[in-house]
Number of protein chains: 2
Amino acid sequence: MANSDKVKKAAPKTAKAGTIKLPLNKIVQGDCIEVMNSLPEKSVDVIFADPPYNMQLKDTLTRPDNSKVDGVHDAWDQFSSFGAYDHFTYEWLTAARRVLKDTGSIWVIGSYHNIFRVGNALQNLDYWILNDIIWRKSNPMPNFRGTRFTNAHETLIWAGKSADKSGYTFNYDAMKAMNDDTQMRSDWVLPICAGKERLKVGDKKAHATQKPEALLYRVLMASTKPGDVILDPFFGTGTTGAVAKKLGRNFVGIERETDYIKVAQERITAVKKLDDEALGYTLSKKAQPRVPFGNLVERGMITPGETLYDSNKRYAARVRTDGTLIAEEVKGSIHQVGARVQGQPACNGWTFWHVEKKGELLPIDVFRQEIRAEMH
Amino acid sequence: MANSDKVKKAAPKTAKAGTIKLPLNKIVQGDCIEVMNSLPEKSVDVIFADPPYNMQLKDTLTRPDNSKVDGVHDAWDQFSSFGAYDHFTYEWLTAARRVLKDTGSIWVIGSYHNIFRVGNALQNLDYWILNDIIWRKSNPMPNFRGTRFTNAHETLIWAGKSADKSGYTFNYDAMKAMNDDTQMRSDWVLPICAGKERLKVGDKKAHATQKPEALLYRVLMASTKPGDVILDPFFGTGTTGAVAKKLGRNFVGIERETDYIKVAQERITAVKKLDDEALGYTLSKKAQPRVPFGNLVERGMITPGETLYDSNKRYAARVRTDGTLIAEEVKGSIHQVGARVQGQPACNGWTFWHVEKKGELLPIDVFRQEIRAEMH
DNA sequence: GGAACAGTTGAATCCTTTT
DNA sequence: TAAAAGGATTCAACTGTTC
């Protein structure tokens, strides 16, 4: 493909690390390791990677010097017939780790041919696995020879940058909402990419392993926020870019093959971003602004001296002017007193305590909601 | 446990490899690596292994009701590093390979904590992966903190002794018959081991990680013939032995802990071999799979931003990306919003809401039916 | 006797901010 | 940096009790 404003040529190998500005919503042509090494470090929120898994599997286990590995004690830390693939894997995962923000996370998809190499490398490189996700295909290709089980799934690994770097995005509530109000599980049932969604060039598939948009939809809805940057180092025909654009996220695509880039570019251009109401990103409860109980007293929503009850009216406590409670000699915050009267180690005072209004018990959390609504 | 005719003491480390006769249908007490090295080479048909997962649990975990989760904190699951775990893995997999017949196969079960280490080691040791099998738990433990996807599955790797040594057993027709006459897939839905099947000592579970018999039933039905020898190097409370005996197969169990051996021995003694007729598998009736509304959005059957109507077009609501609806400031699931706009306590959103296609109103339930049809 | 309800439990790498 | 505090968080299956 000729140069266009949407396609960047790969940075030369000599490019200084981090000297290239992040090419937002563009496809960069080139080797993903070189390109990633040219990007600014800690600059992307999430990486989605669908690496190749074409391996030379028939070789026997040999070291680089061609001696055969036979012992127990030296097999596990030596190169093997998988050496070339492992080397490639470590290189791109290392480059990916550099460009990933400390609060970022990475997704890698694969099958049993390569996923154990990838998972092993991720762990060795100090990534921290969050989940392994099973994409259960509703319409897999059958096993024609009847020699094994129908290979009906692929595996995705979702990992944070390291064990002590938390802060990764997980839209728990959105996932739960998408799953009829029960937690989203680690096994996802989705059809393979077929029909109109399957991109063609003439009457041939544009790409051998095009992933369904539904898969990326769930990945991005789960682990990114609107405006986040998603890097895909094996961009192919651009499923990641198409879904990112639709969902109001930014993408950076890296791809070597001109033919794929061309198809991906056309595809993404045709995608429209959903409007903001439809996007409807709701802040998780954990991320909402903190409202001290004292504010409710301060504003007169709750009067000092008033009595609070639990939902069964088994426990009662009186409100003091400073926003603490007192019950049976126990003084402290709404949480501490709630925990103590029940003899529990912890308690969410917001949902535990109620005020009595016209004979009805109203959780004090409704006042907090009022205050938050004012704050937008 | 005292010596008995059913329990053998481990062979001494100096025992010459292969000098011990195969202890058929017995539990050998000792370290599995030493014991396996003392057994005759190429003597067992199938190995089933449930090694420690190296879960690296830190603090105690509590449920939302403040009760404590009884996690796996046993000494046998503690390893100092990945290196230590890898070393252990290579050792036992090497010993296992020696006792396995050339026509044999091996099963190893694990979770994301260890399965990538195991899979990597299997490949490096020249085993040949036949399938990775997903045990989808119908009743997994939820994620109590809302931080990740519910960890709802475990992975089994099924591998032959090497790429050029075929001849492993796969009972294709039995598997197909067990699965309503369609090929058995690589994902198996089975409940966890609970209820009466769960072995207890007093009121405590006998083993932290007892596997369900249904899982071993399928493994052995798929990959062994009557009379075959199945070796389990991490025998625990003997699920492998119990199912092997029931199915008319022979087992060899290796276990270190006296307490587990005692429980396993009693359990297996109580098992009766099924008569040949009873070996026919009774099919459990499949329930209608639940399809979340979010799936329709994810798959593009319904577009975020699209408007839904009731059959009389009296009410309207817009679809958001996470599969919730919004109508007149009311947000929530298709059921919740349907109920609220009507002022009713409840509503079946599937039949209430419709999409407009070419001037016709189509209930959204038709899309759910489409998805169910794909799932069979 | 059976329905309804309350209680328990499972291989889990399960929090974040302020003081 | 360690300790304290705020406050967010669960699903399906089985067991046992009550009405």
Side-chain angles (χ1 to χ4, degrees), chain A residues 123 127-132 159-160 162-164 166-168 170 172-173 176 179-186 284-294 323-324 332-336 338-339 344-353 364-365 368, chain B residues 50-74 76-79 82 109-115 135 137-155 189 191-198 200 203-205 207-212 234 236 287 290:
Chain A
Q123 291 179 317
Y127 285 99
W128 190 248
I129 297 180
L130 299 167
N131 280 113
D132 59 334
S162 70
D164 40 294
S166 59
Y168 61 91
F170 179 55
Y172 176 77
D173 295 312
K176 195 170 172 178
N179 194 39
D180 270 2
D181 289 326
T182 58
Q183 292 189 340
M184 189 71 83
R185 299 164 40 113
S186 57
S284 75
K285 283 185 187 161
K286 285 172 190 166
Q288 285 180 18
R290 179 171 294 187
V291 176
F293 178 69
T324 58
S333 72
I334 53 172
H335 315 295
Q336 290 168 332
Q344 295 279 1
C347 168
N348 183 342
W350 290 108
T351 50
F352 181 72
W353 294 112
I364 60 175
D365 200 34
R368 183 171 63 161
Chain B
D50 182 11
Y53 289 6
N54 185 27
M55 291 223 293
Q56 308 167 64
L57 302 181
K58 288 173 191 138
D59 304 319
T60 56
L61 178 64
T62 55
R63 300 188 181 81
D65 64 2
N66 287 321
S67 62
K68 279 183 191 159
V69 173
D70 185 14
V72 179
H73 294 283
D74 302 77
W76 49 254
D77 199 44
Q78 309 298 323
F79 292 84
F82 277 132
I109 184 168
S111 67
Y112 67 84
H113 307 86
N114 72 323
I115 200 66
W135 168 26
K137 300 179 184 182
S138 52
N139 49 350
M141 186 160 74
N143 180 292
F144 296 117
R145 290 294 140 91
T147 54
R148 304 179 179 190
F149 297 95
T150 306
N151 204 349
H153 72 275
E154 293 186 25
T155 302
V189 181
I192 60 175
C193 182
K196 283 176 191 152
E197 190 188 332
R198 189 82 195 205
K200 298 272 171 74
D203 58 350
K204 292 174 71 178
K205 43 188 178 185
H207 194 287
T209 69
Q210 186 185 340
K211 295 292 175 291
F234 307 96
R290 197 173 55 83

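Contacts of A:Asn131 with the nucleic acid, taken as non-hydrogen atoms under 4.0 Å apart, are absent. Contacts of B:Thr209 with the nucleic acid, taken as non-hydrogen atoms under 4.0 Å apart, include base atoms. Nucleic acid contact class of B:Lys58 (heavy atoms, under 4.0 Å, all strands): none. Within the nucleic acid shown, B:Pro51 comes within 4.0 Å of at least one base atom, counting heavy atoms only. Within 4.0 Å (heavy atoms only), B:Ser138 reaches sugar-phosphate atoms of the nucleic acid but no base atom. Within 4.0 Å (heavy atoms only), B:Pro191 reaches no atom of the nucleic acid at all. The residue B:Ala208 sits close only to the backbone: its heavy atoms come under 4.0 Å of sugar-phosphate atoms, none of a base. At a threshold of 4.0 angstrom between heavy atoms, the contacts of B:Lys211 include nucleobase atoms, whether or not backbone atoms are also involved. Counting non-hydrogen atoms under 4.0 angstrom, B:Asn54 reaches nothing in the nucleic acid.
Side-chain contact between B:Pro52 and B:Phe79: present, with at least one pair of heavy atoms (C-beta onward) separated by less than 4.5 Å. The side-chain heavy atoms of A:Lys285 and A:Tyr172, taken from C-beta on, include no pair separated by under 4.5 Å. Using a 4.5 Å cut-off on side-chain heavy atoms (C-beta onward), B:Phe149 and A:Gln183 make no contact. At a threshold of 4.5 Å between non-hydrogen side-chain atoms, the residues A:Thr182 and A:Lys176 do not count as touching.
To the nearest 0.5 Å, the span separating OG1 on A:Thr324 from CD on A:Gln336 amounts to 9.5 Å. Note: B:Asn114 CG to B:Ile109 CD1 = 9.5 Å, rounded to the nearest 0.5 Å.
When ring centroids are compared, B:His207 and B:Trp76 come within the 6.0 Å threshold.
Spacing between C:dG1 and D:dT17 at atom C1', rounded to whole Å, works out to 15 Å. Taking the P atoms as reference points, C:dC14 lies 23 Å from D:dA12, given to the whole Å. For the P atoms, the distance from C:dT8 to D:dT9 is 23 Å, rounded to whole Å. A distance of about 14 Å separates the C1' atoms of D:dT10 and C:dG7, rounded to the whole Å. The separation of C:dG10 from D:dG7, taken at their C1' atoms, amounts to 26 Å, rounded to a whole angstrom.
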Please tabulate, one pair per line, each protein N/O and nucleotide N/O from nucleotides 6-8 of chain C that are separated by under 3.5 Å, including the distance.
none

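Here A:Tyr172 reaches the OP1 or OP2 of D:dT10: one of its side-chain N or O atoms lies under 4.0 Å away. Considering only side-chain N and O atoms, B:Lys205 lies under 4.0 angstrom from the phosphate OP1 or OP2 of C:dG10.
Where B:Gly146 and B:Pro52 each meet DNA chain C at their nearest nucleotide, the meeting point lying more 5' is that of B:Pro52. Residue-to-nucleotide proximity on DNA chain C shows that, of B:Asn139 and A:Trp128, the 5′-proximal contact is made by B:Asn139.
For A:Phe170 and D:dA8, the CZ to C1' distance is 14 Å, given to the nearest whole Å. Rounding to whole angstrom units, CG of residue B:Asp203 and C1' of D:dC14 are separated by 16 Å. In this structure, B:Asn66 atom CG and D:dT9 atom C1' are separated by 10 Å, rounded to whole Å. Whole-Å rounding puts the A:Lys285 NZ to D:dA8 C1' distance at 8 Å. If you take CZ of B:Phe144 and P of D:dA12, they are 12 Å apart, rounded to a whole angstrom. In this structure, B:Lys68 atom NZ and D:dT9 atom P are separated by 23 Å, rounded to whole Å. Remark: P of C:dA12 and NE2 of B:His153 are 13 Å apart, rounded to the nearest angstrom. Taking atom CD1 of residue B:Ile192 and atom P of nucleotide C:dA12, one finds them 8 Å apart after rounding to whole Å.
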Q: For DNA chain C, produce a single dot-bracket line, 5' to 3'. Pairs: Watson-Crick or G-U wobble, both distances under 3.5 Å. Symbols: ( ) within strand, [ ] crossing, | other strand, . unpaired.
A: .|||||||||....|||||
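Distance alone, capped at 3.5 Å, places no donor-acceptor pair between the B:Arg148 side chain and the A:Asn131 backbone. Distance alone, capped at 3.5 Å, is enough to place a donor-acceptor pair between the A:Trp353 side chain and the A:Ile334 backbone. With B:Gln210 contributing its side chain and B:Glu197 its backbone, the two residues share a donor-acceptor pair below 3.5 Å.
The side chain of B:Pro64 sits closest to D:dT10 out of D:dT10, C:dA11, C:dG10. Residue B:Arg63 places its side chain closer to C:dG10 than to any other of C:dA11, C:dC14, C:dG10. Taking the side chain of A:Gln183 as heavy atoms from C-beta on, and the options C:dC14, D:dC11, C:dA11, the nearest nucleotide is D:dC11. Taking every side-chain heavy atom of B:Tyr53 into account, C:dA11 is the closest of C:dA11, D:dT10, D:dA12.
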Q: Going 5' to 3' through nucleotides 1-7 of chain D, assign each nucleotide B (protein heavy atom under 4.0 Å from a base atom), S (under 4.0 Å only from sugar-phosphate atoms) or - (no protein heavy atom that close).
A: ----SSB
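B:His113 and B:Ser111 share a side-chain donor-acceptor pair at under 3.5 Å.
Between B:Lys211 and B:Asp50 there is a salt bridge, since a side-chain N of the basic residue sits under 4.0 Å from a carboxylate O of the acidic one. Of the charged side-chain nitrogens involved, at least one lies within less than 4.0 Å of a carboxylate oxygen, so that B:Lys205 and B:Asp70 count as a salt-bridged pair.
For the pair B:Pro191 and B:Pro212, the tightest heavy-atom approach, listed with the atom from each and the gap, is O-CG, 3.6 Å.
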